[in-house]
There are 2 protein chains.
Amino acid sequence: MITIKDIAKKANVSEGTVDRVIHNRGGVSKKTKAKVKEILAFYNFRVNPVASALAMKNKHFIAALIPEHNDSDLFWKSPYLGILKGANDVKRFGVQVNNFTFNQYDPDSYLKTFFSLLETKPTAVIMVPNFLKETKIIVSKLEALDIPYLFLNINIDGFNNKAFVGQDSYMAGYIAGKLMNLSVPKPSSFLIIQARHNIIKNNSISNRIKGFNEYLLKNRISSKTQTLQIDNLNDSLNTKEKINTYLKDHPEVEGIFVPSSRIYIVVNCIEASYLKNIKFIGFDNTPQNIECLKNDSVSFLISQKPFEQGYESVRLMTNCLTLKKDYLNNKIHLPIDILTKENVDYNERNEIVFESEVQKNNS
Amino acid sequence: MITIKDIAKKANVSEGTVDRVIHNRGGVSKKTKAKVKEILAFYNFRVNPVASALAMKNKHFIAALIPEHNDSDLFWKSPYLGILKGANDVKRFGVQVNNFTFNQYDPDSYLKTFFSLLETKPTAVIMVPNFLKETKIIVSKLEALDIPYLFLNINIDGFNNKAFVGQDSYMAGYIAGKLMNLSVPKPSSFLIIQARHNIIKNNSISNRIKGFNEYLLKNRISSKTQTLQIDNLNDSLNTKEKINTYLKDHPEVEGIFVPSSRIYIVVNCIEASYLKNIKFIGFDNTPQNIECLKNDSVSFLISQKPFEQGYESVRLMTNCLTLKKDYLNNKIHLPIDILTKENVDYNERNEIVFESEVQKNNS
DNA sequence: TATATTTGTGTGTGCGCACACGAATATATT
DNA sequence: AATATATTCGTGTGCGCACACACAAATATA
């Protein structure tokens, strides 16, 4: 493995100069810089990240800006845990990760949390761009400070984010369509349940719906879809009433597609008599959803691998920081996992083994 | 973060002595050893793996013993690539990985390759225990030399392997049964195609078959299964004849399950008239199999994530070596991925991004 | 008693890199 | 031309650890 010292010798300069060239620290004449660069390239030199980390000793601070999770919305717990595991893994490279969470329904909270995040002087940011307008503000701030950032889970085009880590929502919906047709092969009618705020929040929900519909279209499936809007899924009384009334009026419905992580709410609101004659397909492996999968009320869940999303984000950003890799605007699409009651337990190993928890007893 | 120097000061000994205690190098009096240990424990001291790796600089050599791959059997290419990527990732910790491949149908080759592997004096071994008898010989040799080893892809109980990295074959077969029933819901007949050598080689094939059958049984599916043995799938003339004759004699067959990675051979041997009326389910995301998936001749493939198997093995063994972690006999079960033509492209990102391939142009 | 061997401990060096400091050289100012 | 200032570059130190070496004290052997 070639070292800085080797390069210095070959270029007839000192190690310090090579170091300056590598890190663009300036203070090097054009001529020497060119010469060193040439040799660097010729020998395809890469800094040894281990030695670098040792010498740097905690110089990088990644701040993560993600929605908070609670008992009724456990989805965001997984990316959080993934980030934690990632943080543990990259600790050794002198990278410290801090989490900041905001209320995913409140743009103000998003913005405020960001500004308190900013005060910790992070060297990089991992963020879930939940609101368009506020994201613009945040991004302009970050770019002014020359802080690299990447998008997690939600993608918005038109920014200079280093990367996007998440799922191809359209294709995920498309696959949901396929699974629905597989579950209800004969011509039938499928109901799509949509929460009002989904429309505003982000377009991954609508991309899933688009994909779902287009599967039926492209494969000339004669089944039809219809949509039911429910303002607030957390209002269980209202939800219950609305759905059951709807199903009473529409006995032709044999499949329900919930393009969000809230299918467990829908299932729990529906009367038993409807439940057993309707196939359900939803998103995300939250504990509540997994329970529905296991008790056979839900046929399939599509996972967007939230744990991996968090983990990969940290790894990716660490690469950017320590190796100066550039994934600019790269879309890192995670697998579209089809979950059934049988394979769900094998799907995401999101246990976190902290090094400190490992005990050695070699006495 | 507490360092060896700190410990030494607190114990009133030199750093060298602390080092000796930490690594059980001996040559320390009982009294001082006890004192140092106490302080070590009190401050919950862990060596800094980064500094350790830097100082060690290539002291670990992992040797991987896996089946070779060729054009007709591409399955083993993925674990190989996974190992390569893992090797690249752990290089920075002073771990070097070397691959040794053997003929998976020849026990002698297995043994011979192992002994030539042994001559390279590895400090750890990742192996695919393809043959029981020979594995016993290998393992006894390894244990005599105190070389840790782990099993990849194939699991055999009763050994002191650090871990097993692979899939739960039984459950994978079980899920195949579910998918088959989903594809052919009405009472029908399914054909299981088995190669002779599968029976001898390992029991993951038979576990898959067991799982497949038990799904039908446990869920009271009235569909039946029958088995066709084909000695050598590579003999295409013979295979073609056997299968097509069989299907002519058994027109009731509406689904074919191939519990190995060779489903593409079966599909390619079957006459077009049968092809379009039969559903196919098989294993593994080899290029040929993926092609079958995409042209709709195969409905589902179950992936055992071979790339990840290789990658995880290297990571795991590296942890054992550098952090003295102990996963003894731990089963690391990878996900049971259900692949369709729609999600297959998202499934395994097994491109190998070598650090050296990344070019920077910040001029 | 003299010499060899074992046992216990401290010291020093290097792993590859980041960065501070200061020296040497080049350029600008009066 | 002399001094001031900027530019360019080399040297040295330390990050935390592993391990070779040196050396003393304790014990064994001649």
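Remember, it's a predicted structure, so these values are computed and weren't measured experimentally. Atom set for the values below is all heavy atoms of this structure, side chains included, hydrogens, waters and symmetry mates excluded. Letters go in sequence order (proteins before strands), and every chain restarts at 1.
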| remark: When every non-hydrogen atom of A:Lys10 is compared with those of A:Ile39, the smallest separation belongs to O-CD1, 3.6 Å
| field | Any B:Ser29 side-chain N or O less than 4.0 Å from OP1/OP2 of C:dT9 | value | yes
| task | Give A:Leu54 one of three labels, base, sugar-phosphate or nothing, depending on what nucleic acid heavy atoms sit under 4.0 Å from its own. | result | base
| Counting side-chain heavy atoms from CB outward, which of D:dC15, C:dG16, D:dC9 is closest to B:Lys5? | D:dC15
| query | A:Val50 near the nucleic acid: base, sugar-phosphate alone, or nothing, with a heavy-atom cut-off under 4.0 Å? | reply | nothing
| message | By nearest atom, which of the nucleotides D:dC21, C:dC17, D:dC17 is closest to the A:Phe45 side chain? | response | C:dC17
| Under 4.0 Å between a side-chain N or O of A:Thr32 and OP1 or OP2 of D:dT8? | no
| note | Out of D:dG10, D:dG16, D:dC9, minimum distance to the side chain of A:Val13 belongs to D:dG10
| query | Tell me: NZ of A:Lys30 to P of D:dT8, nearest whole Å? | reply | 9 Å
| field | First encountered from the 5' end of DNA chain C, between B:Gly26 and B:Ala51 | value | B:Gly26
| Between D:dG14, C:dT9, D:dC17, which one does the side chain of B:Ser52 approach most closely? | D:dC17
| Hey, is the side chain of B:Thr17 poking within less than 4.0 Å of OP1 or OP2 on C:dG8, counting only N and O atoms? | no
| B:Asn12 CG to C:dT9 C1': how many Å, rounded? | 13 Å
| Nucleotide nearest B:His23 when distance is taken to its side chain, options C:dC15, D:dA18, D:dG16 | D:dA18
| request: Please check if the distance between the ring centroids of B:Tyr110 and B:Phe102 is under 6.0 Å. | output: yes
| task | Quickly work out the B:Asp6 CG to D:dG16 P distance and round it to whole Å. | result | 8 Å
| task | Mind calculating the distance between CD1 (A:Ile22) and P (C:dC19) to the nearest angstrom? | result | 12 Å
| field | Worked check of side-chain hydrogen bond (donor to acceptor under 3.5 Å, both in side chains) between A:Glu143 and A:Tyr149 | value | CA-CA 9 Å; A:Glu143 292 185 350; A:Tyr149 57 97; 2.7 Å; yes
| task | Would you mind classifying the nucleic acid contact of A:Asp19 as base, sugar-phosphate or nothing, using non-hydrogen atoms under 4.0 angstrom? | result | base
| remark: By nearest-nucleotide position on DNA chain C, the 5'-leaning member of B:Glu15 and A:Ile4 is B:Glu15
| task | Carefully, step by step, assess B:Thr32 and B:Ser29 under the rule side-chain hydrogen bond (donor to acceptor under 3.5 Å, both in side chains). | result | CA-CA 6 Å; B:Thr32 27; B:Ser29 71; 2.5 Å; yes
| query | Tell me: CZ of B:Arg20 to P of D:dC17, nearest whole Å? | reply | 16 Å
| Interatomic distance where CE belongs to A:Met56 and C1' belongs to C:dG16 [whole Å] | 14 Å
| field | Nearest to side-chain heavy atoms of B:Arg25, which nucleotide of C:dG16, D:dC17, D:dA18 | value | D:dA18
| B:Phe159 ring center within less than 6.0 Å of B:Phe151 ring center | yes
| task | Specify the separation, in whole Å, of atom CG of A:Leu321 and atom P of C:dC17. | result | 18 Å
| request: Please state how far atom NZ in A:Lys9 lies from atom C1' in D:dC9, giving the value in whole angstrom units. | output: 18 Å
| What orientation do B:Tyr80 and B:His69 show, parallel under 30°, tilted 30 to 60°, or perpendicular over 60°? | tilted
